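What follows is a set of notes on a single structure, which appears directly below.
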Amino acid sequence: MINVELKDIANLCKRRGFIFQDSEIYGGIGSVWDYGPLGVELKNNVKARWWKSMVYDRDDVEGLDAAILMNPETWKASGHVESFADLLVDCKGCKKRFRIDLLKGKECPECGGELTEPRSFNLMFKTQVGSVEGQTHDVYLRPETAQGIFVNFENILTSSRRKLPFGVAQTGKAFRNEITTGNFTFRSREFEQMELEFFVKPGEDEKWYDYWVNERLRWYISLGIREENLRLREHQQHELAHYAKRCHDIEFLFPMGWSELEGIANRTDYDLKQHAKISGRDLHYFDDATGQRYTPYVIEPSGGVDRAVLAFLVDAYRVETVRERKRVYLSLDKRLAPIKVAVLPLLRNKPEIVEMAHRIRDGIRGDYRVVYDDTASIGRLYRRQDEIGTPYCVTVDVDSLSDGKVTVRDRDTMEQDRIEAARVKDFMTEKLDLS
Ligand code: GAP
């Protein structure tokens, strides 16, 4: 069950500094977003957990950070120039544009006007490289990070001396000139992907496909998304991308309904064969064990960082009544929370208390985000930290000065523990479980 509307999440994100509309002072630009002080922490934490599970916790994956701009032949070979398009119609009356696959009737859903014949609209953004007039070349902003991995297949294979099966992981920006936007960051024109291309021996692809579907579902659950808010949906034949033999979406119950969070596709040997054909390079794999040469198959778990961030926020949003007052808190997994600890003085006009609180903050910061706040009453300070999902608040009071103890408050249970100030660092290391 999801008990929040997208507008409440968008509101919280703006008010507390998670996500802002891009270039808002100029009226913004459609479906482009900026991550604020808390958003950048949350997003970095999501990417770090993905990288850990894909690269550090395994011994069969290498990392890559390829460029956004690529030789435009890449996109001819990949099929994106020809096939990465939506069929669109325009309303002759109100001039609005619609994706034909999302229309229910034959008239304009906004004004009932007559629609034009469908036209194909490529979603890639085009720009130019070169500074000499008349000698520029059209290039595209990559619409997926995956192609950077395929064109580097040979480089990575040779430099890492890998044997199949092995994967290449990459996070990075992707760009699509989306027509149907809205729903906050869900469908953005500039967004980030986290993609793994896992190269396997043909014939072993189905086994690895099942493995990655389960593994990716498990990852979201391991970071706190409730199982009942996730489901798998297999693509029907007509929905499959031009390169895919099979695809499962991991869907999340977003406030607007079940929608794609991540796709796991069997891309077969399509991309490597296409690049070999168009570039003229030999992209076969030589299997020493069998003496065979073949083009590997690829299993691709491809997730959106922005959609993951949105899903983690939506799933964590909780409202309850405590002593007849509304309490809103984000029950984010501690490893994802933007701020891990807030150190709060009970009395801000008592210098010894403020000094002790500063000492505690200085002693624990360094490995994660810690804040000090004395700008309101303690009740209000707790509510502020609850609303942004800070797992622990450490409060210094008058007694702390004599007994050397502080109060540690847990975000979810609101239980308070009295512990030695000198033990706060170890307490956090143990509780935050950042390994
Ligand atoms: N390389 C395969 C690929 O790009 P995709 O299903 O088009 O497949 C993968 O995209 C993931 O990227 C999606 O599951 C989604 O999480 C994210 N994504 C795609 N388009 C997006 C958009 N316009 N805004 C935000 N995220 C998007």
Side-chain angles (χ1 to χ4, degrees), residues 6 19 22 29-33 35 43 46-47 50 64 66 68 70 74-75 78-80 83-86 99 101-102 121-125 140-151 167-198 209 212-213 216-217 219-220 225 230-235 239-252 254 256 258-268 270-272 274 298-314:
L6 223 37
I19 301 173
D22 173 72
I29 169 168
S31 297
V32 184
W33 302 93
Y35 286 75
K43 199 183 194 199
V46 169
K47 287 188 283 182
W50 184 86
L64 179 72
I68 288 169
M70 302 180 73
T74 308
W75 306 108
S78 70
H80 284 78
S83 310
F84 197 57
D86 282 341
R99 258 168 65 179
D101 57 324
L102 300 180
F121 180 85
N122 195 292
L123 298 180
M124 286 194 292
F125 283 103
Y140 300 99
L141 302 187
R142 66 181 177 195
E144 61 169 7
T145 62
Q147 296 304 326
I149 298 178
F150 297 131
V151 300
V168 180
Q170 173 168 229
T171 64
K173 290 269 179 150
F175 302 81
R176 297 183 188 178
N177 196 2
E178 300 281 3
I179 301 307
T180 314
T181 53
N183 290 330
F184 196 26
T185 56
F186 180 81
R187 201 177 300 286
S188 305
R189 295 198 163 104
E190 173 176 344
F191 56 99
E192 242 177 304
Q193 290 187 315
M194 22 192 200
E195 299 202 298
L196 174 75
E197 306 303 321
F198 199 75
Y209 179 82
W212 280 112
V213 170
R216 293 303 303 145
L217 189 61
W219 184 79
Y220 289 102
I225 298 216
L230 290 167
R231 72 176 189 193
L232 289 171
R233 189 182 72 80
E234 179 155 16
H235 281 208
E239 292 176 271
L240 287 172
H242 59 274
Y243 49 72
K245 167 176 154 190
R246 249 185 116 185
C247 184
H248 268 82
D249 281 348
I250 297 177
E251 294 189 331
F252 175 72
F254 284 99
M256 66 280 188
W258 288 101
S259 313
E260 177 185 347
L261 185 57
E262 166 156 351
I264 298 100
N266 183 341
R267 289 182 84 128
T268 69
Y270 176 86
D271 299 271
L272 287 180
Q274 281 293 106
V298 176
I299 307 302
E300 176 195 67
S302 170
V305 180
D306 311 76
R307 285 194 193 172
V309 165
L310 188 58
F312 284 121
L313 285 171
V314 165

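For ligands, and for the atoms within them, numbers begin at 1 and follow the listed sequence. If you're wondering where the values come from, they're calculated on a predicted model, not measured in any experiment.
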Just heavy atoms, cut-off under 4.0 Å: does E262 contact ligand 1 by side chain, backbone, both, or neither?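 Backbone only; the side chain of E262 stays clear of ligand 1.
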What atoms of ligand 1 come closer than 4.0 angstrom to any heavy atom of [X]?
| X | answer |
| --- | --- |
| Y243 | 2 (C), 3 (C), 8 (O) |
| G263 | 14 (O) |
| R187 | 22 (C), 23 (N), 24 (N) |
| E195 | 1 (N), 2 (C), 3 (C), 4 (O) |
| E300 | 1 (N), 2 (C) |

When you compare ligand 1 with E178, is there at least one nitrogen or oxygen pair between them that comes in under 3.5 angstrom?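 Between E178 and ligand 1, an N or O pair is found under 3.5 Å apart.
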Polar contact flag for T185 and ligand 1 (N/O pairs, less than 3.5 Å): no
Can you report which non-hydrogen protein atom sits closest to atom 15 (C) of ligand 1, along with the distance?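 So the nearest neighbour among protein heavy atoms is R307 NH1, 3.5 Å.
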Ignoring hydrogens, just give me the one of [options] whose non-hydrogen atom is nearest [atom].
| atom | options | result |
| --- | --- | --- |
| atom 22 (C) of ligand 1 | A265, S188, S259 | S188 |
| atom 7 (O) of ligand 1 | R176, E190, E197, E144 | R176 |
| atom 17 (C) of ligand 1 | A244, G304, S31 | G304 |

How far apart are the closest heavy atoms of [X] and [Y], and which atoms are they?
| X | Y | result |
| --- | --- | --- |
| K173 | I68 | CB-CD1, 4.0 Å |
| S302 | E262 | O-CG, 3.3 Å |
| A174 | Q193 | CB-OE1, 3.9 Å |
| H242 | S83 | ND1-CB, 3.7 Å |

With distance as the sole criterion, is a donor-acceptor pair present between the side chains of E195 and T145 under 3.5 Å?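 Short answer, yes.
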For Q274 and Y243, does a side-chain donor sit closer than 3.5 Å to a side-chain acceptor? no
Applying a strict 4.0 Å limit to heavy atoms, is [X] in contact with ligand 1?
| X | answer |
| --- | --- |
| R267 | yes |
| W33 | no |
| L261 | yes |

Could you label the plane-to-plane angle of the H248 and Y209 rings as parallel, tilted or perpendicular, counting under 30° as parallel and over 60° as perpendicular? tilted
What residues, two or more places apart in sequence or in another chain, satisfy salt bridge (charged side-chain N to carboxylate O under 4.0 Å, His left out) together with R246? E206, E234
Measure centre to centre between the rings of F184 and F186, then say whether the value is under 6.0 Å.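 They do not qualify: ring centres at least 6.0 Å apart.
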